[in-house]
Amino acid sequence: MLPPPKYTKYETRRRDPNPRAAALLVIDVQGHFASLAEPAMPAIASTVALCRAAGVPVVYTRHVDPSPRRGPLAEWWPGDCIAAGTPAAELLPGAGREDGDLVVEKSTYSAFAGTTGLEAALRGMGVEEVIVAGVMTNLCCETTARDAFVRGFRVFFSADATATASRDLHEATLANMAYGFAYIVDCKRLEAALGKAK
């Protein structure tokens, strides 16, 4: 028998998402982050497919930097700019986007900060829970998850459909999420939970 996924050592609570109240947020799976996203792409594709099959709406974000770029992000990542209309800004083909999916452009770590209508769109769909997948685990995914939590959404955070620059950073986020912000899931757990709800 295989050992349980490593993230389970961080769990403080366990819960299944409710597909009738959830939306999947696929964060920044775009050209600029292709190499970081690559190890998680099979799990991202599976997570998208599982959610679609259960009737869970899928929302995508793309990070696009303003021109000229200002503020803390420009200071933190000088020269690492994602310009609108470039391949770096486009969603990766394997991300599973379909016509009609909401795509939100953002210019900072959180998908809720300074974006047009993400929270209102989710509330309008009756969403009370978000499932977070994408890149980078410890930056945009984590910040979006924390922001969703403080806005009153129940948060589920994917351990295998998120990716970042190192295992240490990835696992640090899983520990923080499980401690006070999110229920940790993976494809196997989502498949069992969403299948049960049918």
Side-chain angles (χ1 to χ4, degrees), residues 7 15-30 32-33 36-37 40-64 82 89-92 94-164 170 173-174 176-178 181-187 189-191 193-194:
Y7 74 83
R15 185 184 183 114
D16 289 338
N18 174 3
R20 289 173 293 283
L24 172 64
L25 304 182
V26 183
I27 308 296
D28 299 354
V29 181
Q30 60 192 98
H32 185 80
F33 301 108
L36 284 173
M41 288 304 289
I44 290 169
S46 292
T47 298
V48 169
L50 287 167
C51 287
R52 287 197 194 284
V56 173
V58 181
V59 177
Y60 291 86
T61 72
R62 294 187 310 142
H63 186 100
V64 178
I82 306 172
E90 296 307 313
L91 294 174
L92 296 172
R97 181 189 172 200
E98 294 184 357
D99 290 343
D101 291 338
L102 177 63
V103 179
V104 175
E105 285 195 1
K106 64 186 192 58
S107 60
T108 191
Y109 296 147
S110 174
F112 291 95
T115 55
T116 307
L118 174 59
E119 183 173 4
L122 294 174
R123 302 284 185 206
M125 290 186 273
V127 170
E128 299 169 0
E129 305 178 349
V130 294
I131 304 163
V132 177
V135 292
M136 299 170 65
T137 310
N138 58 311
L139 294 179
C140 296
C141 294
E142 179 172 346
T143 308
T144 296
R146 287 172 180 259
D147 206 349
F149 179 91
V150 299
R151 290 166 189 262
F153 293 97
R154 181 176 293 117
V155 180
F156 296 85
F157 197 94
S158 178
D160 58 356
T162 53
T164 192
H170 185 78
T173 289
L174 296 182
N176 279 323
M177 289 291 101
F181 295 98
Y183 299 95
I184 308 297
V185 295
D186 62 5
C187 289
R189 187 172 289 181
L190 276 178
E191 183 173 23
L194 298 178

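Worth knowing before you read on, the calculation uses all heavy atoms, side chains too, and leaves out hydrogens, waters and symmetry mates.
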Which heavy atom in [X] sits nearest to a heavy atom in [Y], and how many Å separate them?
{"X": "Gln30", "Y": "Thr61", "answer": "OE1-O, 4.3 Å"}
{"X": "Ile44", "Y": "Gly134", "answer": "CD1-CA, 4.3 Å"}
{"X": "Ala163", "Y": "Val135", "answer": "O-CG1, 3.5 Å"}
{"X": "Ala133", "Y": "Leu24", "answer": "CB-CD1, 4.2 Å"}
{"X": "Glu129", "Y": "Asn18", "answer": "OE1-N, 2.8 Å"}
{"X": "Arg97", "Y": "Val103", "answer": "NE-CG2, 3.4 Å"}

Pair listing, ring pair (Phe, Tyr, Trp, His ring centres under 6.0 Å) test, anchored in residues 121-147, at least two apart:
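Matches after skipping sequence neighbours: none remain.
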Flag, side chain of Arg62 to backbone of Glu105, donor-acceptor distance under 3.5 Å
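No, Arg62 side chain to Glu105 backbone: no donor-acceptor pair under 3.5 Å.
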Taking only distance into account, with no hydrogens and no angle test, what donor-acceptor pairs under 3.5 Å do side-chain atoms of residues 50-59 form with protein atoms, sequence neighbours excluded?
unit_1 : atom_1 : unit_2 : atom_2 : d
Arg52  : NH1    : Asp101 : OD1    : 3.2
Arg52  : NH2    : Gly96  : O      : 2.9
Arg52  : NH2    : Asp101 : OD2    : 2.5

Can you check side-chain contact (heavy atoms from CB on, under 4.5 Å) on Phe153 and Val127, steps first, answer last?
CA-CA 8 Å; Phe153 293 97; Val127 170; 4.1 Å; yes
If we only count heavy atoms from C-beta on, is the [X] to [Y] side-chain gap below 4.5 Å?
{"X": "Tyr183", "Y": "Val155", "answer": "no"}
{"X": "Met136", "Y": "Glu142", "answer": "no"}
{"X": "Val132", "Y": "Phe156", "answer": "no"}
{"X": "Thr143", "Y": "Phe112", "answer": "no"}
{"X": "Ile27", "Y": "Phe33", "answer": "no"}
{"X": "Thr144", "Y": "Tyr109", "answer": "no"}
{"X": "Leu190", "Y": "Thr47", "answer": "yes"}

In terms of side-chain geometry, is the basic nitrogen of [X] or [Y] positioned less than 4.0 Å from the acidic oxygen of its partner?
{"X": "Arg123", "Y": "Glu128", "value": "no"}
{"X": "Asp16", "Y": "Arg189", "value": "no"}
{"X": "Glu119", "Y": "Arg151", "value": "yes"}

Side chains of [X] and [Y], donor plus acceptor under 3.5 Å:
{"X": "Asp160", "Y": "Ser158", "result": "yes"}
{"X": "His170", "Y": "Thr164", "result": "no"}
{"X": "Asp147", "Y": "Ser110", "result": "yes"}

Which value, rounded to the nearest 0.5 Å, describes the distance between [X] atom [atom1] and [Y] atom [atom2]?
{"X": "Ser46", "Y": "Met41", "atom1": "OG", "atom2": "CE", "answer": "10.5 Å"}
{"X": "Phe181", "Y": "Asn176", "atom1": "CZ", "atom2": "CG", "answer": "7.0 Å"}
{"X": "Asp28", "Y": "Leu139", "atom1": "CG", "atom2": "CG", "answer": "10.0 Å"}
{"X": "Thr162", "Y": "Asn138", "atom1": "OG1", "atom2": "CG", "answer": "9.5 Å"}
{"X": "Arg154", "Y": "Phe149", "atom1": "CZ", "atom2": "CZ", "answer": "10.5 Å"}

Step by step, work out the side-chain contact (heavy atoms from CB on, under 4.5 Å) result for Leu25 and Ile131.
CA-CA 6 Å; Leu25 304 182; Ile131 304 163; over 6 Å; no
